[in-house]
Amino acid sequence: MFRKLLRMWVLLRPTHWLLLIALCVLTCAGYWLLWSEVRFEHAAFKPLSKLTASGSTLGDGHASPADDFDYDADLVVLYNRVPKTGSTSFVNIAYDLCKLNKFHVLHINVTANMHVLSLPNQIQFVRNVSRWHEMRPALFHGHMAFLDFSKFQIAQKPIYINLVRKPLDRLVSYYYFLRFGDNYRPNLVRKKAGNKITFDECVVQKQPDCDPKNMWLQIPFFCGHAAECWEPGSTWALEQAKHNLVNEYFLVGVTEQMYEFVDLLERSLPRIFHGFREHYQNSNKSHLRVTSSKLPPSELTIQAIQKTKIWQMENDLYEFALAQFEFNKKKLMQPDNKHLQRFMYEKIRPK
């Protein structure tokens, strides 16, 4: 019998050999799949209800930890205020209403009024804002450049707001402020006290106090902490400032429309800004800081300043911010301009 089988094995054709090999392979594969099913069936898998740490909403109704975030209780607004844009008037409304609205106001005081934080202070500041839960809700404010929190592995970033002003108006205001002070602290002697040269005379004499380079401030405040941001006339800095203004700021208003700025904030973030409109209109905080003596520049001075590259770039940012602000105001209302815009959910399926 064995000899007959051996003789048949030797006489098999090549095609028969291939069929026999294929049969062996399929048999082995079947045994492997059967063994795999048994192994996986007895594996120690965790049930889906215990996988909430994965960060997604599960089918059994359990929510991810991110859904526990309380947007009102944990609200943090960061106002990196540009000097001489009306920021003192705005901030003092916050100080008047913080106790009533139950939020905290914190002033960021940097050594020597420096607008850029050192690397160690960047880390420390970001951690303070992110972890100081006892201070929330909070409005942080100070004269510092934009700081990108996403560079520091922060999950919840603060909501940035700011104000901009016409660049020449801001420069003229600051020029006379350094000489005559304001009505906010009238007895404080400023560093240029006693210098009675007008802004027009300063421009004619080409003195450093009225150099257009001194207007280079709103662009770097929105650009940030990069070295190029603080190079007067940098095209890259202007483009970065515009990018941040659109992508990183919740709202940027203009000094000339302070009430509208306050109005939008109160409608959008009432947890902090509730009552700001009425307080701004009816209190003495709407023009809290007025320069004691200020002469408007002559037409010749205005023309000379407007020919400079620095003014043109700063004005470019101002006009860009103004267009965004006007857009936000317009979209607040329905097309009839009589009713607030609303939205609703409908056609929800399955029923």
Side-chain angles (χ1 to χ4, degrees), residues 69-108 129 135-147 149 156-166 170 218 221-222 241 244-289 317-318 320-334 337 339-343:
F69 184 78
D70 192 325
Y71 291 96
D72 281 340
D74 292 313
L75 179 60
V76 176
V77 177
L78 207 167
Y79 176 25
N80 65 316
R81 41 194 283 204
V82 180
K84 303 307 295 179
T85 58
S87 60
T88 301
S89 298
F90 177 80
V91 165
N92 273 274
I93 300 175
Y95 278 110
D96 284 351
L97 296 182
C98 63
K99 188 174 182 179
L100 179 64
N101 288 355
K102 297 181 180 179
F103 70 93
H104 296 87
V105 187
L106 301 93
H107 178 223
I108 309 159
V129 173
M135 289 294 108
R136 296 181 180 180
L139 171 64
F140 289 82
H141 68 96
H143 296 313
M144 59 175 286
F146 168 76
L147 184 61
F149 275 59
Q156 281 86 31
K157 299 192 294 184
I159 294 178
Y160 267 99
I161 63 171
N162 216 327
L163 283 161
V164 294
R165 186 178 182 181
K166 292 179 180 179
R170 198 198 66 79
Q218 296 187 130
F221 257 65
F222 283 89
N244 289 340
L245 189 149
V246 171
N247 294 286
E248 301 293 344
Y249 281 79
F250 175 73
L251 181 65
V252 176
V254 294
T255 304
E256 297 78 14
Q257 298 186 46
M258 179 72 80
Y259 175 78
E260 289 81 358
F261 175 68
V262 170
D263 179 47
L264 273 173
L265 283 176
E266 181 168 350
R267 294 180 188 277
S268 306
L269 300 170
R271 177 60 188 86
I272 284 180
F273 298 106
H274 175 70
F276 270 49
R277 280 191 307 257
E278 181 181 357
H279 199 73
Y280 178 80
Q281 281 187 314
N282 300 324
S283 72
N284 59 349
K285 300 299 176 69
S286 58
H287 294 89
L288 186 61
R289 197 165 205 166
L317 178 68
Y318 172 82
F320 182 81
L322 177 61
Q324 303 301 319
F325 185 63
E326 293 288 354
F327 181 82
N328 285 323
K329 285 198 311 177
K330 182 179 179 181
K331 294 304 177 183
L332 182 67
M333 307 298 291
Q334 293 184 21
N337 288 326
H339 302 90
L340 290 175
Q341 181 196 86
R342 300 184 183 278
F343 79 93

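Quantities reported herein were computed from a predicted structural model and do not represent experimental measurements. Computed over heavy atoms, backbone and side chain alike; hydrogens, waters and symmetry mates excluded.
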Legend entry - Pairing residues for H143 by the side chain to side chain donor-acceptor pair (under 3.5 Å) criterion, not counting sequence neighbours: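 Applying side chain to side chain donor-acceptor pair (under 3.5 Å) to H143 gives none.
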Under 3.5 Å, side chain of [X] to main-chain N/O of [Y], donor-acceptor pair present?
X    : Y    : answer
T255 : T85  : yes
E266 : F276 : yes
R165 : K84  : yes
N92  : T88  : yes
R81  : I161 : no
Q334 : L340 : yes
Y160 : V252 : no

For the residue pair [X] and [Y], establish whether any side-chain heavy-atom pair is separated by less than 4.5 Å.
X    : Y    : result
L245 : L317 : yes
N162 : N80  : yes
F325 : L264 : yes
V77  : F103 : no
F273 : S268 : no

Legend entry - Audit row: Q257, L322, side-chain contact (heavy atoms from CB on, under 4.5 Å) steps and yes/no: CA-CA 10 Å; Q257 298 186 46; L322 177 61; 3.8 Å; yes
Looking at every non-hydrogen atom in both residues, tell me the closest pair between [X] and [Y] and how far apart they are.
X    : Y    : value
V82  : S87  : O-OG, 4.1 Å
P83  : F221 : CD-CZ, 3.8 Å
M258 : G86  : CE-O, 3.3 Å

Legend entry - E278 CD: over 12 foreign heavy atoms closer than 6.0 Å: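 No, CD of E278 has 12 or fewer neighbouring heavy atoms, counting only those of other groups under 6.0 Å.
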Inset, instruction - Using a cut-off of 6.0 Å, state whether more than 12 heavy atoms not belonging to H274 lie near its atom NE2. - result: no
Legend entry - Straight-line distance of L106 CG to Y79 OH, nearest 0.5 Å: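 Going from CG on L106 over to OH on Y79, the span is 16.0 Å.
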Inset, instruction - Please work out which of the three classes, parallel, tilted or perpendicular, describes the rings of H141 and Y95, given edges at 30° and 60°. - result: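 Taking H141 first and then Y95, their aromatic rings stand perpendicular (interplane angle over 60°).
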Legend entry - Among D74, D70, L75, D72, the one residue meeting side-chain contact (heavy atoms from CB on, under 4.5 Å) with R136: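 Checked D74, D70, L75, D72 against R136; only one passes side-chain contact (heavy atoms from CB on, under 4.5 Å): D74.
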Legend entry - Name of the residue among Y249, F320, F146 meeting ring-ring contact (aromatic ring centres under 6.0 Å, His included) with F222: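 It is Y249; the other options fail the test.
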